[in-house]
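What's counted below: heavy atoms across the whole structure, side chains too, no hydrogens, waters or symmetry copies.
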Amino acid sequence: MHLSRRVFVTSAAAVAMTAGLPALPATATADTDRSRIPVGPDDTEADLVRKASQVRPTARQIAWQALERTAFLHFGVNTFTGLEWGTGDEDPDVFQPTGLDTDQWARALRDGGFRLAILTVKHHDGFVLYPSRYTDHTVGAGSWQDGHGDVLRSFADSMRRYGLKVGVYLSPADENQYLHGVYANGSTRSPRTIPTPVDGDDRTPPRSFTLDATDYGAHMLNTLYEVLTEYGPVDEVWFDGAQGHIPPDKVEDYDWDSWYTLVRALAPAAAIAVTGPDLRWVGNESGLAREDEWSVIPVKENQYGRTDWALSYDTADEGSRAALVAARPKTDYLQWWPAECDVSIRDGWFYHADQQPKSVDELTEIYFGSVGRNAVLLLNVPPDTDGLLHATDVTRLREFRERVDRELPADLAHGARRAVAPGGVTVDLGRELEVDRVRLAEDIRYGQQVEGAVVEAYTDGSWTEVAAAGTVGASRILRLATPVRARRWRLRVTASRAEVRLAEFGLYRSRT
């Protein structure tokens with residue numbers, strides 16, 4: 001994309017095109033981290049908008065948002081019991097994926113257009129997919145592979161072998177540790193040494209930590225330490241906020257601050273999701289973002305440093321001017337907290353033989369409703385009881401990628417002459433071409449600023465509006481109702497919080 005000079009527009013904002021973006025460091029240092037800005041009780045709407053315009057993503061957040069399509073792999077004892085939420089008292093012998101082939105997982109995900117995969121290393125049942133020192137509820141406690149199996153190692157090696165980044169999901173809930181009197185046992189927080197030595201421990205830890213935790217919090221810290229020090233680089237650590245099927249008066253207050261500290265120390269490039277400071281749950285499990293999805297939203301802190309919504313997680317508007325004002329009494333910070341859209345390719349999160357994958361049409365709508373709305377898609381594809389991604393799902397993943405490629409083939413505006421004019425950018429394609437897809441992106445290194453924009457085509461001697469958007473952010477894809485044929489195209493920003501820097505104004509003709 002050709003670099004154009006900045007031109008200030010009538011709204012006191014500016015539009016610029018950026019190109020040749022320099023590489024960013026893997027992590028942001030404390031003195032350059034502008035990912036959240038404090039909010040005060042006397043802040044006016046103008047103050048809030050100004051502060052929101054100044055929030056910037058960290059390097060790890062920029063890298064994560066560029067992934068666009070990520071995968072989830074729910075696999076464990078539930079795969080063999082038929083449950084979605086396990087009980088914690090499963091016999092480890094039930095876990096028998098005799099045909100486990102994580103290379104097959106990696107090939108299918110790569111061919112499906114995915115760039116990172118997250119494995120359920122520990123679900124709510126507490127069953128761990130590697131031989132841990134801190135629990136007997138693991139793959140190493142059963143007869144599978146004579147007690148020497150390690151799904152996490154196989155998974156991590158395969159993903160890297162096929163060029164995918166590695167993510168791990170460790171559920172904060174743990175039914176097994178509850179049965180053993182560790183989870184939700186009412187213990188107080190106290191300094192704990194991590195890793196905690198155990199009998200026969202042959203490790204010489206390169207680093208040790210003293211962190212505040214409950215009995216269970218220390219168990220999670222030790223589990224995290226194993227995962228983050230023995231399986232290579234991790235690019236995403238995924239937590240939810242589940243409590244498990246425990247009595248309502250038995251609640252474990254999670255040691256979020258200590259967990260975050262350990263992850264930052266051992267995996268500094270990893271994004272912490274979705275109960276974490278780097279990215280958030282979009283608020284549903286349908287894979288769809290809001291029509292106007294802001295990456296800068298009001299947040300509060302609770303329960304030992306947990307990043308939480310100032311408004312409810314399912315609020316229809318999380319980041320507009322009106323939302324910033326409505327949330328102000330409960331807001332601690334305005335934070336770069338982009339949305340992740342999780343959904344399963346089947347009805348359940350774990351594999352069930354009587355379920356079928358979503359159609360290509362359904363997955364395509366999910367793509368446009370997530371990646372096309374400034375969010376990242378997290379699609380769950382559960383391995384079956386053989387330890388394979390089912391052939392039907394593998395075919396559907398490939399069909400999905402092929403469909404997206406047809407929806408957005410080569411950018412017709414690539415290499416075209418561009419001009420920055422007051423309030424927008426004009427593209428001259430050199431000849432009349434049909435367009436029915438428009439892809440926009442801000443250079444989010446400079447924040448998210450667009451509040452309104454229109455796309456116009458020059459037809460019959462005048463500019464005609466063919467599409468409109470509210471927010472843009474890292475990715476906004478607009479589908480025209482019918483193809484429009486024109487040589488000259490224009491993006492006009494109608495409202496913004498501050499200077500707008502565009503990274504993409506792409507024009508496409510779908511082949512569907």
Side-chain angles (χ1 to χ4, degrees), residues 30 36 38 88 121-128 132-137 168-199 201 203 205-229 234 237-268 270-281 299-310 313 330 332-333 335 337:
R36 66 180 188 175
V121 177
K122 179 173 82 75
H123 203 248
H124 313 326
D125 47 69
F127 187 79
V128 179
S132 174
R133 299 167 181 82
Y134 299 97
T135 176
D136 292 328
H137 204 46
V168 293
Y169 165 31
L170 289 92
S171 171
D174 197 314
E175 301 282 359
N176 180 262
Q177 291 299 306
Y178 177 71
L179 295 174
H180 284 84
V182 177
Y183 182 84
N185 66 1
S187 60
T188 58
R189 278 171 42 114
S190 61
R192 312 291 177 125
T193 299
I194 306 299
T196 306
V198 298
D199 291 342
D201 199 332
R203 288 176 297 178
R207 299 181 65 182
S208 62
F209 303 83
T210 300
L211 298 166
D212 289 338
T214 63
D215 290 348
Y216 175 70
H219 174 80
M220 269 290 285
L221 288 166
N222 280 313
T223 305
L224 277 167
Y225 190 95
E226 290 179 317
V227 170
L228 298 180
T229 59
V234 171
V237 177
W238 207 93
F239 299 121
D240 55 21
Q243 280 283 333
H245 294 143
I246 61 174
D249 61 333
K250 299 284 188 179
V251 174
E252 175 74 31
D253 288 333
Y254 297 134
D255 298 309
W256 296 110
D257 51 356
S258 295
W259 297 357
Y260 295 165
T261 296
L262 190 68
V263 174
R264 286 285 190 254
L266 298 178
I272 305 177
V274 290
T275 303
D278 294 319
L279 50 125
R280 62 183 160 91
W281 182 40
V299 303
K300 62 183 178 181
E301 283 192 353
N302 61 21
Q303 197 183 75
Y304 307 125
R306 169 179 170 169
T307 304
D308 208 347
W309 295 267
Y313 69 88
K330 297 175 286 185
D332 293 324
Y333 302 94
Q335 179 161 321
W337 209 29

With heavy-atom distances below 4.5 Å as the criterion, would you say the side chains of [X] and [Y] are in contact?
| X | Y | result |
| --- | --- | --- |
| Leu170 | Leu224 | yes |
| Leu266 | Phe209 | yes |
| Arg306 | Thr275 | yes |
| Tyr134 | Glu226 | yes |
| Asp212 | Pro191 | yes |

Do side-chain atoms of [X] reach the backbone of [Y] as a donor and acceptor pair under 3.5 angstrom?
| X | Y | value |
| --- | --- | --- |
| Asn176 | Gly126 | no |
| Asp201 | Pro197 | no |
| Glu252 | Ala184 | yes |
| Thr193 | Thr196 | no |
| Trp337 | Gly276 | yes |

- Message: Does Asp199, at its CG atom, have more than 12 non-hydrogen atoms belonging to other residues, nucleotides or ligands within less than 6.0 Å?
- Response: no

- Item | Neighbour count >12 (heavy atoms, 6.0 Å) for atom CG, Asp136 | no

Where do [X] and [Y] come nearest, in terms of heavy atoms and distance?
| X | Y | result |
| --- | --- | --- |
| Trp281 | Trp309 | O-CZ2, 3.4 Å |
| Val237 | Ala270 | CG2-CB, 4.3 Å |
| Lys250 | Tyr178 | CG-OH, 4.0 Å |

Taking atom [atom1] of [X] and atom [atom2] of [Y], what is their separation to the nearest 0.5 Å?
| X | Y | atom1 | atom2 | value |
| --- | --- | --- | --- | --- |
| Tyr254 | Tyr304 | OH | OH | 13.0 Å |
| Asp308 | Lys330 | CG | NZ | 10.5 Å |
| Leu228 | Arg264 | CG | CZ | 12.0 Å |
| Trp259 | Ile194 | CH2 | CD1 | 11.5 Å |
| Asp215 | Thr188 | CG | OG1 | 8.0 Å |
| His219 | Gln177 | NE2 | CD | 4.0 Å |

- Item | With sequence neighbours excluded, residues passing salt bridge (charged side-chain N to carboxylate O under 4.0 Å, His left out) with Arg207 | none

- Apply salt bridge (charged side-chain N to carboxylate O under 4.0 Å, His left out) to Arg36 and list each qualifying residue two or more places apart in sequence or on a separate chain. Glu301

Test side chain to side chain contact (heavy atoms under 4.5 Å, CB included) applied to [X] - qualifying residues, sequence neighbours left out:
| X | value |
| --- | --- |
| Ala213 | Arg192, Ala218, Leu221, Asp255 |
| Ser171 | His124, Tyr169, Ala173, Asp240 |
| Pro206 | Tyr225 |

- Task: Let me see the working for Val299 and Arg280 under side-chain contact (heavy atoms from CB on, under 4.5 Å), right down to the final yes or no.
- Result: CA-CA 11 Å; Val299 303; Arg280 62 183 160 91; over 6 Å; no

- Query: Stepwise, does the salt bridge (Lys or Arg N to Asp or Glu O under 4.0 Å) test hold for Arg189 with Asp257?
  - Reply: CA-CA 12 Å; Arg189 278 171 42 114; Asp257 51 356; 3.2 Å; yes

- Assess whether side-chain contact (heavy atoms from CB on, under 4.5 Å) is satisfied between Arg133 and Arg203, documenting all intermediate values. CA-CA 11 Å; Arg133 299 167 181 82; Arg203 288 176 297 178; 3.3 Å; yes

- Query: In terms of the angle between their ring planes, are Tyr216 and Tyr183 parallel, tilted or perpendicular, with boundaries placed at 30° and 60°?
  - Reply: perpendicular

- Task: Check side chain to side chain donor-acceptor pair (under 3.5 Å) between Ser208 and all other residues, then give those that pass, not counting sequence neighbours.
- Result: none

- Could you walk me through whether Gln335 and Thr307 pass the side-chain contact (heavy atoms from CB on, under 4.5 Å) test, one step at a time? CA-CA 10 Å; Gln335 179 161 321; Thr307 304; 3.6 Å; yes

